[in-house]
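Please read all numbers here as calculations on a predicted model, not as lab measurements.
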Amino acid sequence: GCKESALQDIAPASNCYFETYIKGSAAKSTVFRADVHEAFRDVDIEVNRILAADRSSSTPLQHQYGYSVFCFAEDDWVIQAASATNHSVNYVAPASPNRVTLAKAGVMNTAIGMQTTLDDSPPSFTLLKMTDPTASNTKIMVTFSLNEAGTAYCRPVRSGTDEAVAKLHINAIISSGWSAAHAGAGSAATTFEVKGLSPSQTPLSEAVQYDVFCWAKDNARDSSGYLRPQYMLQSYVEAATTNTSAPGGGITSRVWV
């Protein structure tokens, strides 16, 4: 797309001419507009794609990404003048409507400020494994990575028990208190220890197998900077991790202590 500094009002046939670019292209699904039939009337306009600088293509807006928003407006003077019942003897049909200038569009852009799209996708594990479970007889070491910045929570239950068979609910995993943060894609994996069914309960038993349930939430924020986290679904938590490097779920079964 066109950057703020590239928008221009000198050459209509060139890339990033502000009126042409803001009005968009119907063929590229980037026409975002509303007719305002009276002054001081509020309207909502949804924008979901960005047009390439040369107007040859468009792409969907990215999740949790900052965008600078420019708006363009023009009046209906041409239509109103031509439709008048009576014209002055000196009437000359207007050639074009009255348009907002690039400078005025820039003032509105400043007033709108940077708009950050929301993150509507829950995080997922890109790595989830129990690091050498035979190395300790008092704890389980969980190593994980997320596809975006967030926090993971894990809780063990004895393998084969009713609790393990019925699957743990998310609230039960969170209440265990065992958790750690991860910086997201491209960051080193995070490792943290799980030493009991929860920090205040009986420690893990030696020579016992446990099913470890893990869940995570991300650090998504809204356009105002407030936290708006997305959460892994219960169905994801209940899926088995068949491959530690592509887990596809949150359960690691039969981990020895």
Side-chain angles (χ1 to χ4, degrees), residues 1-122 147-149 184-185 218-230:
C2 294
K3 295 183 178 180
E4 294 179 58
S5 58
L7 289 177
Q8 51 89 15
D9 57 359
I10 304 299
S14 298
N15 290 344
C16 298
Y17 181 70
F18 85 106
E19 178 182 346
T20 305
Y21 185 72
I22 296 172
K23 284 185 173 179
S25 166
K28 307 305 176 186
S29 302
T30 54
V31 176
F32 309 110
R33 55 163 288 171
D35 292 322
V36 185
H37 299 295
E38 57 185 285
F40 306 109
R41 184 181 186 88
D42 292 338
V43 296
D44 294 323
I45 300 177
E46 180 180 302
V47 180
N48 55 31
R49 299 183 71 85
I50 187 167
L51 186 63
D54 62 2
R55 305 179 76 241
S56 64
S57 62
S58 68
T59 55
L61 301 184
Q62 299 179 40
H63 292 301
Q64 208 169 3
Y65 193 87
Y67 290 93
S68 182
V69 180
F70 278 83
C71 297
F72 177 85
E74 59 188 11
D75 63 19
D76 292 334
W77 173 232
V78 173
I79 298 172
Q80 293 173 343
S83 302
T85 303
N86 298 301
H87 291 125
S88 165
V89 293
N90 297 317
Y91 171 75
V92 176
S96 61
N98 297 304
R99 299 181 172 94
V100 167
T101 64
L102 176 57
K104 292 294 185 181
V107 171
M108 186 170 181
N109 165 258
T110 301
I112 293 172
M114 181 71 70
Q115 294 296 303
T116 302
T117 52
L118 301 178
D119 178 0
D120 290 326
S121 301
N147 65 332
E148 57 182 315
D218 65 19
N219 295 342
R221 294 179 179 273
D222 63 20
S223 295
S224 299
Y226 296 105
L227 283 171
R228 187 180 182 273
Q230 300 297 311

Report the distance from atom [atom1] of [X] to atom [atom2] of [Y], rounding to the nearest 0.5 Å.
X   : Y   : atom1 : atom2 : value
I10 : Y17 : CD1   : OH    : 8.5 Å
I22 : L51 : CD1   : CG    : 11.0 Å
D9  : C16 : CG    : SG    : 12.5 Å

For [X], enumerate each residue passing the salt bridge (charged side-chain N to carboxylate O under 4.0 Å, His left out) test, keeping only those at least two apart in sequence or located in another chain.
X   : answer
D35 : R33
D44 : none
E46 : none

Checklist entry - Mind checking what makes side chain to side chain contact (heavy atoms under 4.5 Å, CB included) contact with A11, not counting sequence neighbours? => result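 Side chain to side chain contact (heavy atoms under 4.5 Å, CB included) check on A11 returns Q8, S14.
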Checklist entry - What pairs with A27 under side chain to side chain contact (heavy atoms under 4.5 Å, CB included), at least two apart in sequence or on another chain? => result S25
Next on the checklist: Are F18 and F70, when compared by the centres of their aromatic rings, separated by less than 6.0 Å?
Outcome noted: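 No, ring centres 6.0 Å or more apart.
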Next on the checklist: Give me each pair satisfying salt bridge (charged side-chain N to carboxylate O under 4.0 Å, His left out) with a member in residues 90-99, each pair once, sequence neighbours excluded.
Outcome noted: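 Of all non-adjacent pairs touching residues 90-99, those that pass salt bridge (charged side-chain N to carboxylate O under 4.0 Å, His left out) are E19-R99, E74-R99.
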Kindly write out the residues that satisfy side-chain hydrogen bond (donor to acceptor under 3.5 Å, both in side chains) with [X], not counting sequence neighbours, or none if the list is empty.
X   : result
E4  : S68
S56 : D54
N86 : none
D76 : none

Next on the checklist: Please list all pairs meeting ring pair (Phe, Tyr, Trp, His ring centres under 6.0 Å) that have one or both residues in residues 21-55, counting only residues at least two apart or in different chains.
Outcome noted: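 Sorted pair list comes back empty.
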Checklist entry - Taking side chain as C-beta onward, heavy atoms only, is T116 less than 4.5 Å from Y65? => result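 No - every pair of side-chain heavy atoms lies 4.5 Å or more apart.
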Checklist entry - Any side-chain heavy atom of V47 within less than 4.5 Å of one from V69? => result no
What's the shortest heavy-atom distance between [X] and [Y], and which atoms?
X    : Y    : answer
R228 : D120 : NH1-OD1, 3.0 Å
D218 : S121 : OD2-O, 3.4 Å
A185 : N147 : CB-O, 3.4 Å

Item to check | Summary of disulfide (SG to SG under 2.5 Å) pairs that have at least one residue in residues 39-88, sequence neighbours excluded | outcome: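 Non-adjacent pairs meeting disulfide (SG to SG under 2.5 Å): zero.
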Looking at [Y], is its backbone amide N or carbonyl O close enough to the side chain of [X] to form a donor-acceptor pair, meaning the two atoms are under 3.5 Å apart?
X    : Y    : answer
H87  : V92  : no
R55  : N15  : no
T110 : G106 : yes

Next on the checklist: Using the rule given for side chain to side chain donor-acceptor pair (under 3.5 Å), can you reason through R49 versus T30, listing the C-alpha separation, both sets of side-chain angles and the distance that settles it, and then say yes or no?
Outcome noted: CA-CA 6 Å; R49 299 183 71 85; T30 54; over 6 Å; no
